[in-house]
Amino acid sequence: MLLEVLKFPDARLRDKSLPLEKGDIDDVLRELAQSMGATMYDEPGIGLAAPQVGVHKRLIVMDVDWTESERDLRILINPEIVHREGEYLSKSEACLSVPDYSADVDRDARVIVRAYSLDWEEVEFDCEGLEAVCFQHEIDHLDGVLYIDRISKLKRDLYVRRRKKLLRREQEDDNPPSPY
Ligand code: NI
């Protein structure tokens, strides 16, 4: 099932997500994870965090190098960065919840991430580059942080103004002036 992805400035993107426990892993959660994956591929994107679909649980899905014919969906619970090092400029980072925008973001070059699988096995990833950036980006979502929080205030303000103007225009189109 495809889910609606919340868009900035929806306040729900700012809420912190809660850790899951082993007992929380049921069919409903599995179904949610599959739907998040389907939504991510459909949008299309390379990662999606549960709060982006309005569910404030520490669950993310990722597939950084998928193609139409090759998909390998990673579903991760309670992901946590346990080590980070180096500096990396993430070029033109973007987000399904931040429409019509991309920007360069300072990120860590290498991260080690620990998480649980749906079968509640502990898994660890030691990664660099795009994969490391994706982890940082998705885990930020779980803490209510968007990548535009990590760019200069000037750039962010410009985007926020442009986005609000667009939303106002959309609203006006939806609500034409009443006839008199
Ligand atoms: Ni995002």
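Each ligand, and each atom within it, is numbered from 1 in the order the structure gives. In this chain, residues are counted from 1 in sequence order.
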Practice prompt. Applying salt bridge (Lys or Arg N to Asp or Glu O under 4.0 Å), name anything that partners Lys16, two or more places apart in sequence or on another chain.
Written response: Asp143
Worksheet item: Is any protein N, O or S atom closer than 2.8 Å to the Ni ion (ligand 1), and if so, which?
Response: Cys95 SG, His137 NE2, His141 NE2
Worksheet, complete the sentence: Residues at least two apart in sequence or cross-chain that pass salt bridge (Lys or Arg N to Asp or Glu O under 4.0 Å) with Lys164, listed by chain then number, are none
Worksheet item: Any chance the side chains of Asp63 and Tyr41 put a donor and an acceptor closer than 3.5 Å?
Response: yes
Discussion item. With heavy-atom distances below 4.5 Å as the criterion, would you say the side chains of Leu73 and Met40 are in contact?
Written reply: yes
Extract all donor-acceptor atom pairs below 3.5 Å that involve side chains of residues 128-139 and protein atoms in other chains or at least two apart in sequence.
from, atom 1, to, atom 2, distance (Å)
Glu131, OE2, Arg74, NH1, 2.8
Glu131, OE2, Arg74, NH2, 3.0
Gln136, OE1, Asp108, N, 2.9
Gln136, NE2, Asp108, O, 2.9
Gln136, NE2, Ala132, O, 3.0
His137, ND1, Glu93, OE2, 2.8
His137, NE2, His141, NE2, 3.3
Glu138, OE1, Ala49, N, 3.4

Worksheet item: Does Phe8 have Arg163 sitting over its ring (NZ/CZ under 6.0 Å from centre, angle to axis within 45°)?
Response: no
